[in-house]
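We name chains A, B, ... by the order of the sequence lines, and we start the count at 1 in each one. Please read all numbers here as calculations on a predicted model, not as lab measurements.
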Protein chains: 2
Amino acid sequence: MLEARVKQASVLKKLLDAIKELVTDGNLDCTDEGIALQAMDNSHVALVSLKLVAEQFESYRCDRNMPLGVNLGSLTKILKCAKDNDVVTFKAPDDADSLGMVFESPKEDRVGEYEMKLMDIDQEHLGIPDTQYDATITMSSAEFQRICRDLAALGESVKIEASKEGVRFSSEGEVGNGSVLLKQTAGTDRSSGGGSKKAQVKRDPDEEDEEEEEEEKPEVDEDEEGEEEQDDEDRPKKRKAANGKAKGAKKAKNTDSTDEVGVSIILEKQVSLTFSLKYLSNFAKSAPLAREVSLHMSNDVPLLVQFDFEQGTLQFFLAPKISDE
Amino acid sequence: MLEARVKQASVLKKLLDAIKELVTDGNLDCTDEGIALQAMDNSHVALVSLKLVAEQFESYRCDRNMPLGVNLGSLTKILKCAKDNDVVTFKAPDDADSLGMVFESPKEDRVGEYEMKLMDIDQEHLGIPDTQYDATITMSSAEFQRICRDLAALGESVKIEASKEGVRFSSEGEVGNGSVLLKQTAGTDRSSGGGSKKAQVKRDPDEEDEEEEEEEKPEVDEDEEGEEEQDDEDRPKKRKAANGKAKGAKKAKNTDSTDEVGVSIILEKQVSLTFSLKYLSNFAKSAPLAREVSLHMSNDVPLLVQFDFEQGTLQFFLAPKISDE
DNA sequence: TTGGTCGAAG
DNA sequence: CTTCGACCAA
């Protein structure tokens with residue numbers, strides 16, 4: 001059976017908002033490692049891969065692997081019945097043909113119980129090669145969304161060019177052409193060395209409270225041993241954000257602090273690729289999930305757009321348009 | 001002739017928003033006791049009953065009973081011409097074939113005068129028996145609205161079950177089933193009791209200007225003689241809300257304070273009834289009128305959904321679906 | 001609080 | 001396809 005407890009319904013809502021337009025149905029693959037969903041978008045152009053790691057649930061139990069075929073529209077509908085701060089518990093017996101969800105208000109004076117019919121979905125499990133990318137850009141997810149929206153007003157596709165100096169997004173269309181150049185944030189450096197995107201421990205005076213309110217209490221360490229030989233010590237710890245990321249830190253993680261998000265570029269090789277803005281804009285909808293997004297690119301290889309948030313990772317893959325340049 | 005003065009156009013706007021979708025035309029029955037409107041909804045399924053008591057007008061005069069047949073759509077249109085804080089005066093001579101309305105800005109620097117054509121409406125006066133209900137639930141009107149909206153996403157109808165422990169709303173549909181259980185708020189008890197909410201006179205420093213615009217200054221006393229023998233001590237200052245409904249006070253009042261609204265259940269007998277969510281959702285639109293709503297139920301008897309606000313009471317009646325359970 | 005935008009319904 | 005209502009931002 002499965003029983004997974006999530007502290008904040010809001011995360012799930014944001015996730016669904018982020019992907020439901022791309023994917024209508026998919027299997028929630030529940031294992032003892034967590035819950036994953038992988039699916040091609042409806043027009044089989046983009047690939048969505050979501051991972052929620054078991055350790056980041058408030059509690060998690062999954063006795064045996066079970067793929068739960070869900071309609072994401074239905075799931076969205078039901079999640080709308082939860083308030084943002086509700087605690088959400090997913091429940092499914094081993095032979096389930098429906099997925100149970102319980103929404104509990106923080107004060108425990110309201111309990112919503114919902115049951116959603118499941119469907120059988122033939123899932124071609126797509127192996128995703130662990131590519132080494134020539135360029136990795138980390139930037140504010142809000143800025144990414146803004147750029148996609150702006151350029152989408154001009155043309156159908158965007159050319160993304162990453163060089164040492166910065167990254168340029170450009171688009172052409174009927175009404176005109178446009179491009180946005182983001183310079184790498186000063187102090188940010190490629191390679192391990194400086195990488196740690198400005199981890200200035202910039203503390204707001206009022207940040208104290210927030211620390212309290214957030215869920216990640218000091219005991220962030222317990223599941224911390226989950227880190228094997230990771231070179232980067234800055235797990236997206238959430239509010240713990242500011243600290244950490246001392247050294248290594250090639251790509252910045254999703255820190256949830258209030259600091260500005262810089263632009264960092266890790267570049268093995270210059271890259272220039274063109275993508276459909278329609279899809280990128282869709283990916284950008286995940287911005288509320290994480291303050292940072294990373295774009296991973298190699299020439300002639302699908303782009304990887306990745307959002308790291310506390311509970312896991314959301315990845316989008318999209319093949320470049322051939323008509324590059 | 002009729003001359004009735006209302007302090008805040010906003011109340012009237014909210015009222016119209018609340019019922020205009022249910023009822024298109026109706027008689028405003030003006031008597032020396034106040035103004036009442038009673039009408040079946042357009043599909044003759046639900047009954048709407050509005051009462052505005054004479055004492056709660058800023059001033060009220062009605063020499064003889066007169067039913068003013070109005071089209072609520074027209075009335076809504078005209079009321080939109082008033083700003084929320086405007087003082088509204090209804091005027092009609094005895095033989096009126098039109099209803100005059102005057103909107104005066106609080107600062108009295110703007111006066112709008114409107115006249116709306118009246119219509120003749122044959123009114124079957126429906127006697128509403130003063131039923132004793134087996135269950136009376138008082139809860140936050142916003143929460144009621146939320147629940148109706150949530151469950152409406154799942155199915156057409158909702159089953160409401162009231163028991164000592166709480167009240168459960170449940171619905172079934174294509175995508176799945178759902179239920180919301182509200183527990184009775186601790187400390188809430190049947191019988192009178194009644195939570196007195198504080199009426200903090202909370203003043204903002206920058207409220208100076210607004211004070212001009214607002215009508216109710218601290219000196220709440222002027223028209224206070226409107227209050228007869230009232231047992232309830234907690235008059236939610238603010239708009240001077242508290243008067244009205246004097247005795248019995250089984251159900252909490254509409255206070256305008258900022259406190260949380262609890263759930264209280266007065267139960268003679270367990271009740272389980274099923275209703276059309278379409279109608280309940282419509283009723284719930286009255287939420288802006290009052291922070292609390294009370295649901296009155298007896299088996300096989302129409303549900304009464306009641307909103308008490310400063311100027312009066314708005315009631316909705318709806319027969320249960322036969323297919324209960 | 002008001003105006004504008006977006007989505008849903010007829 | 002048009003209109004209305006609900007939601008969101010200024």
Rounded to the nearest angstrom, tell me the gap between atom [atom1] in [X] and atom [atom2] in [N].
| X | N | atom1 | atom2 | value |
| --- | --- | --- | --- | --- |
| B/K77 | D/dT3 | NZ | C1' | 12 Å |
| A/D17 | D/dC8 | CG | P | 11 Å |
| B/L79 | C/dT1 | CG | P | 16 Å |
| B/R149 | C/dG7 | CZ | C1' | 14 Å |
| B/K278 | C/dA9 | NZ | P | 12 Å |
| B/N282 | C/dA8 | CG | P | 18 Å |
| B/K80 | D/dG5 | NZ | P | 8 Å |
| B/D84 | C/dT1 | CG | C1' | 7 Å |

Check salt bridge (charged side-chain N to carboxylate O under 4.0 Å, His left out) between B/K14 and all other residues, then give those that pass, not counting sequence neighbours.
none
Measure from the side chain of B/N85, starting at C-beta and using heavy atoms only, and say which of C/dT2, C/dT1, D/dG5 lies closest.
C/dT1
Listed partners of B/T89 passing side-chain hydrogen bond (donor to acceptor under 3.5 Å, both in side chains), at least two apart:
B/R5
When we call it a touch if two heavy atoms are under 4.0 Å apart, what does B/K285 touch: a base, just sugar-phosphate, or nothing?
sugar-phosphate
Any donor-acceptor pair under 3.5 Å linking the side-chain atoms of A/E115 with those of A/S98?
yes
Short N-O contact, B/R146 and B/D150, less than 4.0 angstrom
yes
